[in-house]
Colleague: 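There's a structure below that I have some questions on.
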Amino acid sequence: MTDAEPVVEVVAHDPAWSQRFRLEQRLLSEALPTALSVEHFGSTSIPGLAAKPIIDIMAVVPEVDAVVTDLRPLEELGYVYRPMAFPEDHDHLFFAKDTAGVRSHHLHVFGVTSLVPEANRVLRAYLAATPDAARRYEAAKRRAAELHPDSRAQYGAAKEEVMTHLSAEARMWSQSKKRQSEKGW
């Protein structure tokens, strides 16, 4: 990457993202043999949604401390542990991976008791099922990237309000679907 290239860039959806995830999922399943799940989430997991071309992966493990105790399997795959990424959440580990000098993957490892994975699953399902919500999110991402091409932190903060609204909508949508299912609709 040259100095002129942005750190944050939102690009059109690439169908190869799901293939890149499946390859990484196999590798991570071996590196994290106790993982209860290894899932694709975030914008690259939503068909048709523009995104930063970084594959977001979520793994749920029985104990996050066991992962930190031996980082070698993840390091061998190119993942770098970022211990201060989520200092307020002791049940959330974050790893970044670069491919050919460019950020390519983010790995979020959660303990089994964390509520975050389910919230991520609900948001993923909602955005995939609700084109209007996906378009609002895409517009917010594009605006944030235009305003803050050189700062991942500022990019994230710029889309936070829309994310908060979409997460709330996703929770209500999920609860409504559960009630309908319980009633047999």
Colleague: Using the test salt bridge (Lys or Arg N to Asp or Glu O under 4.0 Å), find all partners of D98 that sit at least two apart in sequence or belong to another chain.
Modeller: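 Partners of D98 under the salt bridge (Lys or Arg N to Asp or Glu O under 4.0 Å) test: R103.
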Colleague: Write out all pairs satisfying ring pair (Phe, Tyr, Trp, His ring centres under 6.0 Å) with one or both partners inside residues 49-68, taking only residues at least two apart or from two chains.
Modeller: none
Colleague: Sequence neighbours left out, what passes side-chain hydrogen bond (donor to acceptor under 3.5 Å, both in side chains) with S167? Give chain and number order.
Modeller: none
Colleague: With side chains defined as the heavy atoms from C-beta onward, is the minimum distance between V116 and D89 less than 4.5 Å?
Modeller: yes
Colleague: Taking the six-membered ring for Trp, are F95 and Y79 parallel (under 30°), tilted (30 to 60°) or perpendicular (over 60°)?
Modeller: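 The arrangement is perpendicular - the two ring planes meet at more than 60°.
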Colleague: Within a strict 4.5 Å, meaning less than it, do heavy atoms of the S174 and R171 side chains meet?
Modeller: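 They are not in side-chain contact.
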Colleague: With rounding to the nearest 0.5 Å, note down the distance linking CG in L127 to CZ in F41.
Modeller: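 That separation rounds to 12.5 Å.
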Colleague: Only pairs at least two apart or in different chains count here, so list each salt bridge (charged side-chain N to carboxylate O under 4.0 Å, His left out) that has a residue in residues 156-165.
Modeller: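 The answer is none; no pair qualifies.
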Colleague: Any ring pair (Phe, Tyr, Trp, His ring centres under 6.0 Å) pairs touching residues 137-177, not counting sequence neighbours?
Modeller: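 Of all non-adjacent pairs touching residues 137-177, those that pass ring pair (Phe, Tyr, Trp, His ring centres under 6.0 Å) are Y126-W173.
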Colleague: Got a second to check how far K177's NZ is from S181's OG, nearest 0.5 Å?
Modeller: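 Result: 8.5 Å between the selected atoms.
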Colleague: Would you say L93 and L107 make side-chain contact, with heavy atoms under 4.5 Å?
Modeller: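 Counting from C-beta outward, L93 and L107 never come under 4.5 Å.
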Colleague: Just to verify, what does H105 make a ring-ring contact (aromatic ring centres under 6.0 Å, His included) with, not counting sequence neighbours?
Modeller: none
Colleague: Tell me, which pairs form a salt bridge (charged side-chain N to carboxylate O under 4.0 Å, His left out) where one or both residues lie in residues 109-136, sequence neighbours left out?
Modeller: E39-R121, E39-R124, E118-R121, D132-R136, R135-E138, R136-E169
Colleague: Is a side-chain N or O of T69 found less than 3.5 angstrom from the main chain of D65, in a donor-acceptor match?
Modeller: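 Confirmed, T69 side chain pairs with D65 backbone.
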Colleague: Can you list everything that forms a salt bridge (Lys or Arg N to Asp or Glu O under 4.0 Å) with R72? Sequence neighbours excluded, please.
Modeller: D70
Colleague: Suppose we screen for salt bridge (Lys or Arg N to Asp or Glu O under 4.0 Å). Which residues come up paired with E24, at least two apart in sequence or across chains?
Modeller: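 With sequence neighbours excluded, E24 shows a salt bridge (Lys or Arg N to Asp or Glu O under 4.0 Å) to K97, given in chain and number order.
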Colleague: What residues form a side-chain hydrogen bond (donor to acceptor under 3.5 Å, both in side chains) with R26, not counting sequence neighbours?
Modeller: none
Colleague: Name the atoms and distances for all side-chain donor-acceptor pairs under 3.5 Å in residues 42-55, with sequence neighbours left out.
Modeller:
{"unit_1": "S43", "atom_1": "OG", "unit_2": "K141", "atom_2": "NZ", "d": "3.2"}
{"unit_1": "T44", "atom_1": "OG1", "unit_2": "H40", "atom_2": "NE2", "d": "2.8"}
{"unit_1": "S45", "atom_1": "OG", "unit_2": "G42", "atom_2": "O", "d": "2.6"}

Colleague: Quick check: closest heavy atoms across V122 and A170, and the distance to 0.1 Å?
Modeller: CG1-O, 3.3 Å
Colleague: T113: what forms a side-chain hydrogen bond (donor to acceptor under 3.5 Å, both in side chains) with it, not counting sequence neighbours?
Modeller: D91
Colleague: How long is the straight-line distance from NE2 of H108 back to CZ of F86, given to the nearest 0.5 Å?
Modeller: 5.0 Å
